[in-house]
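Scroll down for the structure; my scribbles are underneath it.
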Amino acid sequence: MSEAAEIRIGYEPATVEPKWRQAWKDAAIYKVADSTDKPNWMSLTMYPYPSGVLHVGHWFAFSIPDVFARAQRMRGFNVMYPMGFDAFGLPAENAAIKNNIHPARWTYENIDNMTRQFDLMGAMIDWDRKVATCDPDYYRWNQWFFLQMLEKGLAYRSGGMVWWCPNDQTVLANEQVLDGNICERCGAEVYKRDLEQWYLRITDYADELLAGLDDVDWPERVKTMQRNWIGRSEGARLNFELENGSSLGVFTTRPDTVFGATFMVIAPEHPFVDQITTEEQRDAVQQYVTTSRTKSEVERQISDETHKKSGVFTGAYAINPVNDERIPVWVADYVLMSYGTGAIMAVPSGDQRDFEFARQFDLPIIPTVQPVGGEPLDGATMTEAYTGDGIVINSGEFNGLPQSEALPKMIAWLDEQGRAKAEVSWRLRDWLISRQRYWGTPIPIVYCDTCGVVPVPENQLPVELPLDAEFTPTGQSPLVTHESFVNTTCPTCGGAARRETDTMDTFMDSSWYWFRYASPQFEDGPFDTELAKKWSPVDLYCGGIEHAILHLLYARFFTRVIRDLGLTEVSEPFARLRNQGMILSVDGRKMSKSRGAQIGPDELVARHGADALRLHLMFLGPWEQGGPWNDRGITGMERFIRRAWQVASELGTTTPGDHAGEADEAALIALMHRTIKRVSDDIDSFSFNTMVAALIEYVNELMKLKETEIVTSPVWREAVENLVLMMAPATPYVSEEMWEMLGKPFSVHQQDWPTFDPALAVDATIEIPVQINGKVRDRVTVANSATAEEQLAAARALDKITEQLEGKQVVKEISVPGRMVNFVIRG
RNA sequence: GCCCAGGUGGCGGAACGGCAGACGCGCUAGCUUGAGGGGCUAGUGCCCUUUGGGGCGUGAAGGUUCAAAUCCUUUCCUGGGCACCA
């Protein structure tokens, strides 16, 4: 049998998919040019950690952006949908210890397997642009960025209390600690240790990081999380003189309540604790400080019925600058050393925490704001702090002013006297980037007994991670004991020196990786600035909500640093952000590898085909929502594909001939345009589940029509071709096959997206409901152009309606053209 | 405690002032000599009814409206975020 005579018996994904996978590879249709006559459009999806295999959650996260990217390409953009691997990190080290396999080998093998699986998915990835962050060619630029920041004073080494994860044997950034004391990575309880570490000065950009959120098309909840994390508060810094002659600075958002400050509180870690505590109080204070140190951060922060506030009087007194009152200074752990100055002026009448403390220790309460029209407040009888607006009282010359007016006046007044200055305080801390781990970017620093801390010169980069490391189950980084790595010479004096053995937080890697896709082989810098410019900012960034703060905040910070180095013009890296929901395992819990609850795609692909799996994932529900995995329903997607296949395969067997009725043709045209509109709009709004529904409905209609005369009309051919074009982004394999079946030239993925005419997308006649008193009593078919009056006339003509209106008084008639008719009757 | 999102058939979900349950799964019945995880047809929210039809239904209770799943108020539940940040 000749090839031309071969009959396509039916849809078999096992033959269709490998065939086109190879054809695409041979024709390199996913190779992305740096620029073309079309506008560039960059679709980025958060690159995965190479854990070994892609599970259906990965498919959910990666195949849907692929659909969008493919649609954008058909719509006339030069689309880049790059992929890489976030290849440094702890799991590789754990695997090394457990299975005696080197992290590098483990990682690169996983990358190979996952690359294969991405191809199975049919993703539109240009692998020539692949980035793996554990490549020395990549991470040397982490080191380069670090050195630039060091030079600009944006990187620094400092001691202080830092979070330590005993399980991962490393410090963590504040952002990586959940629920007060839980390791974001492994779930272990973390605690604080006093260690010298490397930091990046992200707080220098706090203002800009906050303001920039207004300019991006991101989900509001992500912006809110970032705003909360940055935590800007406007207020003032006030100085209180202590009786011992020193001055205690505090930050407050309510300088207007300073007349009500009846005591002060300093954090147990505050440097003043020792010097101001009187002899009589020393024992008590010391004991308190020790106790609060052993308390976990979480314990300290609990405030409810069973956990009363605690604190101890230091014996010292301060002078309230506005009324010269002598007020006691307490030490209490409800004041945090890490925020503001680590000391507060306590105004129990205007702050609930101070109020509780005052009640507990019998300290005076002086109201300074009187609610308008309420009972006069009395410090002795108040039951809670009053934080609302009102009239200022007990505040000298400011008495009688509305609180909102008094606030700026009081700041100005205090400022004049040199007692206060308006100040903005931030919750954001600098980013701790040192990690006591092996599988990461070595921090390019050398310690020399003569010269001190010496940065490795740029021309000596990269500082390569030694591959001959020894992995022992102690959890300690093998770099520490790696003699030939640690022992080096000082770049400045040439004397013996030691290398920094800490590596960088892997969030460094992901803070600029997308720039690298523009020029992944570039050797003269982190990326080719001219090429990167063509793809900046990223038009669409997709990824999980779990990165709302961590990765996205660091990436925004890095982008600004890169901008200030003159390498990019953009400040915001990601113009539009969309978060997918999480695919949970069948039992509704997280798909964890350890519980064996991961659903692998390979078997599903073997059974149903990648196209059906892609459709199924789209059809599960709103992409933003996610939900528990189930494979019920995937058969529905297969049925849909088979029906589409049948429509396409029979087209070749019908010959164009005399038209069917004009009305039938018009109806098909309307259906086609309506479907193009629905599918296009649904893609734009990331509503992939309804997009699939629209395609299914379309095919179901075509299946009915396929037995009618209309198949001999040119309109039919157009309708079927558009079906295949619309399916192409969602089901790339079978669409390519159907496109070929229609006798069209390779490749369907290089075709233009079908357009629709809104005027043609409506049927000539429509059916509208006819209501009586808001209840549907009948339906009537009218011309789509019918006026309100015409609709009413048509409705009145209905037997059933005439009957029910008989003898009743019609109080009101509502007729909305194209929507409905309602008669309001009485009696 | 505060903020956000969400509660709709047996299930996933659709509609987001104008026909509730699109679409899919599942289920029921029938058809089909390719006994298969096949195809096709019809049905499938609940209750009442001989048919015609009628009533009730979107977590709960009120309200606005000719008309409410949709808007407003109160409340309950679920998920997420923040939380002694001065």
Side-chain angles (χ1 to χ4, degrees), chain A residues 10 178-180 219-222 224-225 227-229 231-233 235 250-255 257 261 264-265 267 300-304 307 309 332-336 338-347 350-354 356-357 425-428 545-546 548-549 581-582 588 607-608 615-616 619-622 624-640 642-643 646 678 687 689-700 703 767-779 800 810-816 818-825:
Chain A
L178 308 176
D179 298 332
E220 210 44 54
R221 59 180 178 150
V222 175
T224 305
M225 280 192 238
R227 287 188 187 111
N228 287 343
W229 188 264
R232 181 181 197 273
S233 320
V250 300
F251 174 77
T252 176
T253 54
R254 291 293 302 276
T257 62
M264 298 188 80
V265 184
R300 279 177 61 164
Q301 287 179 10
I302 293 175
S303 170
D304 57 31
H307 295 76
K309 285 198 168 36
D333 64 8
Y334 81 92
V335 171
L336 309 176
S338 57
Y339 185 79
T341 63
I344 61 161
M345 66 174 206
V347 183
D351 184 289
Q352 188 58 26
R353 297 154 299 181
D354 298 345
E356 284 165 22
F357 194 83
S425 189
W426 304 87
R427 205 186 91 109
L428 183 68
I545 186 78
E546 67 273 18
I549 296 171
M582 204 189 301
R607 203 183 286 178
H608 308 281
L615 282 175
H616 179 59
F619 198 61
L620 273 179
E624 275 89 352
Q625 202 175 294
W629 165 257
N630 74 75
D631 54 11
R632 302 187 312 274
I634 194 166
T635 55
M637 299 301 108
E638 278 183 281
R639 284 175 195 156
F640 157 70
R642 287 215 183 82
R643 282 198 284 261
Q646 217 176 318
R678 282 176 68 185
S687 184
N689 53 337
T690 53
M691 178 200 97
V692 174
L695 287 172
I696 294 172
E697 283 178 60
Y698 187 51
V699 165
N700 290 348
M703 280 296 279
E767 198 187 56
I768 59 167
V770 179
Q771 305 175 343
I772 290 174
N773 286 346
K775 291 186 194 284
V776 180
R777 292 302 167 193
D778 206 352
R779 291 162 230 284
K800 208 164 147 189
V810 177
V811 190
K812 199 168 178 180
E813 295 171 339
I814 294 112
S815 177
V816 182
R819 307 303 309 225
M820 46 67 72
V821 165
N822 186 15
F823 296 101
V824 184
I825 62 172

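This structure is a prediction, so every number in the text was calculated from the model and none was measured. In what follows, chains carry the letters A, B, and so on, assigned in the order in which the sequence lines appear, proteins first and then strands, with residues in each chain numbered from 1. Hydrogens, waters and symmetry mates are skipped; everything else that's a heavy atom, side chains included, is used.
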Please name the pair of heavy atoms, one in A/S233 and one in A/T253, separated by the smallest distance, quoted to 0.1 Å.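 Looking at all heavy atoms of both residues, the closest pair is CB-CG2, 3.8 Å.
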Suppose you measure atom [atom1] in [N] against the same atom in [M]; what distance do you get, rounded to whole Å?
N     : M     : atom1 : value
B/C66 : B/G13 : C1'   : 31 Å
B/G9  : B/G21 : C1'   : 7 Å
B/C4  : B/C84 : C1'   : 23 Å
B/U64 : B/A14 : C1'   : 26 Å

Name the closest nucleotide to the A/Y334 side chain, picking from B/C84, B/A14, B/G18. B/C84
Just checking [X]: base, sugar-phosphate only, or nothing, at a heavy-atom cut-off of under 4.0 Å?
X      : answer
A/I696 : sugar-phosphate
A/Q352 : nothing
A/R427 : base

Heavy-atom protein contacts under 4.0 Å, nucleotides 30-59 of chain B, coded B base, S sugar-phosphate only, - none: -------B-SS-------------SSS---
Candidate list A/V770, A/I814, A/N773, A/V811, test side-chain contact (heavy atoms from CB on, under 4.5 Å), partner A/F823, passing option: A/V770
Every protein N/O lying under 3.5 Å from an N/O of nucleotides 10-13 of chain B:
from: B/C11; atom 1: O2'; to: A/R632; atom 2: NH2; distance (Å): 2.8
from: B/G12; atom 1: O2'; to: A/L620; atom 2: O; distance (Å): 2.4
from: B/G13; atom 1: OP1; to: A/Q625; atom 2: NE2; distance (Å): 3.0
from: B/G13; atom 1: O3'; to: A/N689; atom 2: ND2; distance (Å): 3.3

Under the ring-ring contact (aromatic ring centres under 6.0 Å, His included) rule, collect the residues that match up with A/W629, sequence neighbours excluded. A/H616
For B/C82, take OP1 and OP2 only and decide whether either is under 4.0 Å from a side-chain N or O of A/T224. no
